[in-house]
Number of protein chains: 2
Amino acid sequence: MSDQEQTPQTSAATAEDERDDAYELDRNAVARIIHAVDNDDRAQLIEEMEPLHPADIADLLEQVSAFDRRRVIALYGDEFDGDILSELDESIREEVLGYLSPEVLAVAVRELDSDDVVDLVEDLEDDQQNAILEVLEDSDRIAVRQSLNYPEYSAGRLMQREFVMAPEHWNVGEAIDFMRNQQDLPEQFYHIMLVDPKLHPVGNVTLGKLMSSRREVMLSSLVEETFHVIPVTQYEGDVAYAFNQYHLISAPVVDENERLVGVITIDDAMAVLDEEHEEDILRLAGVGEGGLNDNFIDTTKQRFPWLAVNLVTAILASLVIAQFEATIAQFVALAVLMPIVASMGGNAGTQSLTVSVRSIATRDLTGSNVWRVIRREVTVGLINGLIFAVVMGVIGVVWFGSPALGYVIGAAMVINLVVAGLAGTGIPVLLEKAGIDPALASGAFVTTVTDIVGFLAFLGLAALFLL
Amino acid sequence: MSDQEQTPQTSAATAEDERDDAYELDRNAVARIIHAVDNDDRAQLIEEMEPLHPADIADLLEQVSAFDRRRVIALYGDEFDGDILSELDESIREEVLGYLSPEVLAVAVRELDSDDVVDLVEDLEDDQQNAILEVLEDSDRIAVRQSLNYPEYSAGRLMQREFVMAPEHWNVGEAIDFMRNQQDLPEQFYHIMLVDPKLHPVGNVTLGKLMSSRREVMLSSLVEETFHVIPVTQYEGDVAYAFNQYHLISAPVVDENERLVGVITIDDAMAVLDEEHEEDILRLAGVGEGGLNDNFIDTTKQRFPWLAVNLVTAILASLVIAQFEATIAQFVALAVLMPIVASMGGNAGTQSLTVSVRSIATRDLTGSNVWRVIRREVTVGLINGLIFAVVMGVIGVVWFGSPALGYVIGAAMVINLVVAGLAGTGIPVLLEKAGIDPALASGAFVTTVTDIVGFLAFLGLAALFLL
């Protein structure tokens with residue numbers, strides 16, 4: 001990439017320069033809304049909220065304090081609609097549900113599609129869940145309960161049960177007439193699913209193709225080239241991967257008998273892809289779950305376990321250092337320089353492991369290429385190690401006037417960067433094979449290895465050659 | 001999240017258990033393909049490739065060695081189609097283009113939509129770019145050149161120029177008749193864009209709504225509630241954000257005169273969202289650009305600058321340690337324990353900065369809540385710091401038999417974890433304000449701060465109270 005970016009482009013400027021502040025909630029708008037609430041001015045509040053999309057209102061509620069949140073919702077009253085609830089971050093959903101009067105809540109929830117209700121209630125406590133389900137019409141409540149019977153994070157929870165299907169032997173005219181006579185077509189749909197007599201999906205036809213074809217053309221001659229069927233128990237992350245990999249717009253979901261039970265559309269898949277990335281990035285940083293809207297108690301609890309793991313690994317590294325107390329006492333320069341070796345190894349290891357974890361997530365790192373990738377990472381570690389070995393060797397000589405110290409730190413640097421490349425690729429791959437999420441656990445393992453190897457190589461070589 | 005996950009769910013199992021290996025390229029299939037190539041058996045190769053989606057064939061070409069890649073493409077010959085090129089990772093596209101005969105390349109490129117051609121050629125050298133553009137039909141070549149005139153990473157590069165528009169005063173019947181008489185409707189489209197006489201987009205109607213409405217209904221009464229217009233120079237990452245935030249399926253793109261010039265669809269926005277995440281995650285780890293398919297020389301170059309930055313910051317930390325050489329010489333236990341304080345601070349800082357960088361990217365961290373978030377992070381640092389202070393204090397006493405050492409390490413731990421919370425949030429926010437991508441630069445700054453504060457607090461307090 002970096003090389004190619006330097007070649008002359010047809011247009012020199014890049015649009016990245018314009019990214020600032022696009023789509024950021026206007027701080028003045030937020031201030032005006034809080035001002036309206038301060039003055040108990042409902043008309044003003046509604047006027048300020050009117051241009052905002054429900055997703056933006058949800059963002060606003062997330063960004064103000066809990067105190068203001070409660071006041072905004074109280075004053076907004078029955079203007080509060082269901083889409084705002086759907087858009088709210090899970091961490092404050094329960095809180096906001098508590099602020100809504102039963103009447104407002106009932107109206108808001110009844111507005112939602114069944115898949116949005118599922119998303120809304122699936123993480124709630126049983127009593128709060130039941131309270132919401134009670135306000136639904138019978139048919140909707142049954143649909144939601146059926147979805148909740150599918151495993152969490154499965155395609156069954158993600159799909160919508162409203163879709164349009166047609167027998168595979170129909171022609172365009174029959175399909176168009178059928179749809180034009182239907183009273184309740186889904187709000188959003190992009191394909192007609194063709195099914196055989198046993199309700200197995202056999203293909204899909206875009207509405208655009210239908211529009212532009214003559215009435216007597218068989219639907220089966222218009223099916224899309226890429227047709228991808230999703231099992232109802234499939235993990236939602238895999239569903240999102242399939243949409244992204246195969247450029248799907250909507251896909252049929254089938255039960256264990258291969259019968260069509262629902263449809264997943266790309267907008268839901270995109271939301272899942274976004275969540276999966278969020279999860280990966282937070283797990284890599286040792287945050288696990290948790291976001292910006294959690295209170296300090298939840299946040300402390302989320303952060304604590306990873307810091308505790310890190311404390312154990314840091315103590316392991318210290319135990320290595322402790323073996324060389326006598327050496328350090330004789331040559332204090334070692335204490336000054338040893339964190340450099342460990343730190344460089346930790347950083348190189350993090351680079352390797354991040355590329356590996358991402359590549360495992362995108363199915364790009366597989367049995368077919370793992371050895372080639374490991375060989376590459378080790379080679380990269382060796383080359384960068386040699387370069388930094390020379391740099392540090394010179395620094396060792398100049399700073400401490402000891403060529404031997406220069407050799408030792410240089411050798412330790414090479415060893416640690418090679419090990420970093422090996423561990424940074426090997427550990428995520430092994431964790432994945434063991435069924436452990438590599439994003440979650442690789443960091444602790446890799447930095448433990450690079451810390452221990454870094455201190456051991458540097459202090460060990462020093463003990464051998466400097467004293 | 002973690003609390004809620006422990007509450008009883010309607011279904012206990014989660015679909016995450018099933019995620020293993022879904023959509024991973026079958027290693028045996030790869031082996032059979034290479035076997036076919038070894039035997040020069042073209043029929044066998046074509047039979048093995050036939051069930052694979054172009055995206056999977058691209059993955060396969062990425063995962064085999066360069067030697068096998070060349071042989072597979074040579075044997076596959078004119079079966080190679082344009083979609084494979086589109087799906088290929090940028091790092092090997094140029095290489096693969098070099099393997100294709102001019103005839104195969106010409107056919108492959110002519111199959112592609114103009115937006116895919118833009119994506120294919122935009123990063124190529126001028127001569128290779130021209131070679132590809134020459135094989136296009138005149139109208140396509142002009143369309144591609146027009147797109148290349150828009151800035152890199154802009155909506156103009158992302159949009160397709162094929163779309164369906166209708167005057168705002170038409171009714172359903174007129175729109176349907178118009179479409180049924182059109183010869184060349186776009187391959188994929190989901191909305192009809194309504195425009196005023198000046199070609200300004202004023203609303204969009206889904207094909208589903210059109211299908212289910214009577215012929216005399218005005219199009220303007222069927223427009224979608226959410227209508228979002230994208231400026232042609234907008235950064236593609238912001239476009240992807242808008243699609244995800246507002247659940248758009250397709251959106252009109254307008255030029256500086258607000259005239260409709262193209263349409264972006266959600267599948268392209270999803271691909272951009274995926275790339276943006278990839279970029280963030282790699283930048284946070286100090287990898288910058290680069291992926292699994294780069295060779296070791298490119299990889300070494302990509303990794304080197306970040307390691308060099310880290311070397312400088314590590315040396316800064318060492319200079320702090322060097323100020324306390326006399327102290328360490330008197331009390332070597334300090335050398336053993338000091339990496340623990342720095343390491344805990346580095347990890348806590350990384351936790352805070354990752355949450356902050358993500359929240360800035362999703363526009364959830366803004367002027368409205370930045371102080372509240374900083375206060376939370378500092379509080380979390382204080383609480384976790386106090387807990388680990390007690391733990392380390394006890395360890396200091398038990399291990400080295402020195403209560404004073406216990407107090408010192410405990411106090412240093414509290415100081416460093418509070419500073420980590422402050423720096424982990426404050427530094428990304430300041431970098432963003434200064435127009436620097438916080439994902440790119442925060443890590444180095446934050447760990448420098450936590451290293452320096454960690455060593456300074458621990459060794460400084462030790463010098464004051466232990467000697």
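This structure is a prediction, so every number in the text was calculated from the model and none was measured.
Put simply, of A:Phe243, A:Phe388, A:Phe455, A:Phe189, the one with the most heavy-atom pairs under 4.5 Å next to chain B is A:Phe388. Most heavy-atom pairs under 4.5 Å with chain A: of the set B:Asp56, B:Thr265, B:Ile281, B:Leu60, this distinction falls to B:Ile281. Ranked by heavy-atom pairs shorter than 4.5 Å toward chain B, the options A:Asp267, A:Asn347, A:Thr354 are led by A:Asn347. The most heavy-atom pairs under 4.5 Å with chain B, out of A:Leu282, A:Leu311, A:Thr206, A:Asp59, come from A:Leu311. Interface check for chain A: of the options B:Arg375, B:Met338, B:Arg214, B:Gln245, the most heavy-atom pairs under 4.5 Å are formed by B:Gln245. Taking chain A as the reference chain and counting heavy-atom pairs below 4.5 Å, the highest number among B:Met211, B:Arg303, B:His247, B:Glu325 is found for B:Arg303. If you tally non-hydrogen atom pairs under 4.5 Å between each of A:Thr299, A:Ile328, A:Leu210 and chain B, the highest count goes to A:Thr299. Among A:Thr350, A:Val287, A:Leu248, A:Ile176, the residue with the largest count of heavy-atom pairs under 4.5 Å with chain B is A:Val287. Heavy-atom pairs under 4.5 Å with chain B were tallied for A:His228, A:Glu62, A:Lys209; the largest tally goes to A:His228. Of the residues considered (B:Ile321, B:Leu284, B:Asn295, B:Leu307), B:Leu307 shows the highest number of contacts with chain A, using heavy-atom pairs under 4.5 Å. Interface summary for chain A: among B:Ile387, B:Leu337, B:Leu417, the most heavy-atom pairs under 4.5 angstrom belong to B:Ile387.
Neither the backbone nor the side chain of B:Asp89 comes within less than 4.5 Å of any heavy atom in chain A. For a residue to count as touching a neighbouring chain, one of its non-hydrogen atoms must lie under 4.5 Å from one of that chain's; by this rule B:Ala322 touches chain A with backbone and side chain alike. For A:Leu319, the parts lying under 4.5 angstrom from a heavy atom of chain B are both the backbone and the side chain. In this structure, chain A has no heavy atom under 4.5 Å from any part of B:Thr447. Of the two parts of B:Ile315, the backbone and the side chain both hold a non-hydrogen atom closer than 4.5 Å to a non-hydrogen atom of chain A. In this structure, chain B has a heavy atom under 4.5 Å from the side chain of A:Ile395, while its backbone stays farther away. Interface remark: A:Ala342 contributes no atoms to any contact with chain B (heavy atom separation under 4.5 Å). Of the atoms belonging to A:Ile266, heavy atoms from both backbone and side chain fall under 4.5 Å from chain B. When heavy atoms are compared at a cutoff of 4.5 Å, B:Ala269 approaches chain A by way of both its backbone and its side chain. Both the backbone and the side chain of B:Ala308 come within less than 4.5 Å of a heavy atom of chain A. For chain A, the nearby part of B:Val391 is the side chain; its heavy atoms alone come within less than 4.5 Å.
A:Ser368 pairs by the side chain to side chain contact (heavy atoms under 4.5 Å, CB included) definition with A:Thr366, B:Arg27, B:Val30, B:Gln63, not counting sequence neighbours. Annotation: side chain to side chain contact (heavy atoms under 4.5 Å, CB included) contacts of A:Gln182 (sequence neighbours excluded): A:Phe178, A:Asp184, A:Leu185.
No side-chain donor from either of B:Arg372 and A:Ser65 sits under 3.5 Å from a side-chain acceptor of the other. Judged purely by distance below 3.5 Å, without hydrogens or angles, the side chains of B:Thr313 and B:Asp451 never pair a donor atom with an acceptor atom. Side chain to side chain, A:Ser212 and B:Arg180 fail the donor-acceptor criterion of an N or O pair below 3.5 Å.
When side chains are defined from C-beta on, A:His277 counts as touching B:Asp274, because their heavy atoms get closer than 4.5 Å. Between B:Glu125 and B:Glu94 there is a side-chain heavy-atom pair separated by less than 4.5 Å.
Formation of a donor-acceptor pair under 3.5 Å by the B:Ser318 side chain with backbone atoms of A:Val336 is found in this model. Looking only at distances, a side-chain donor or acceptor of A:Gln351 sits under 3.5 Å from a matching main-chain atom of B:Gly286.
At a threshold of 4.0 Å, the pair A:Arg358-B:Glu278 counts as salt-bridged, since one of the basic side-chain nitrogens sits closer than that to a carboxylate oxygen. Salt bridge status for B:Arg363 with B:Asp238: present, with a side-chain N to carboxylate O gap under 4.0 Å. Contact check on B:Glu122 versus B:Arg157 returns a salt bridge, with a Lys/Arg side-chain nitrogen under 4.0 Å from an Asp/Glu carboxylate oxygen.
Residue A:Phe296 qualifies as open at atom CZ: its count of foreign heavy atoms under 6.0 Å is 12 or below.
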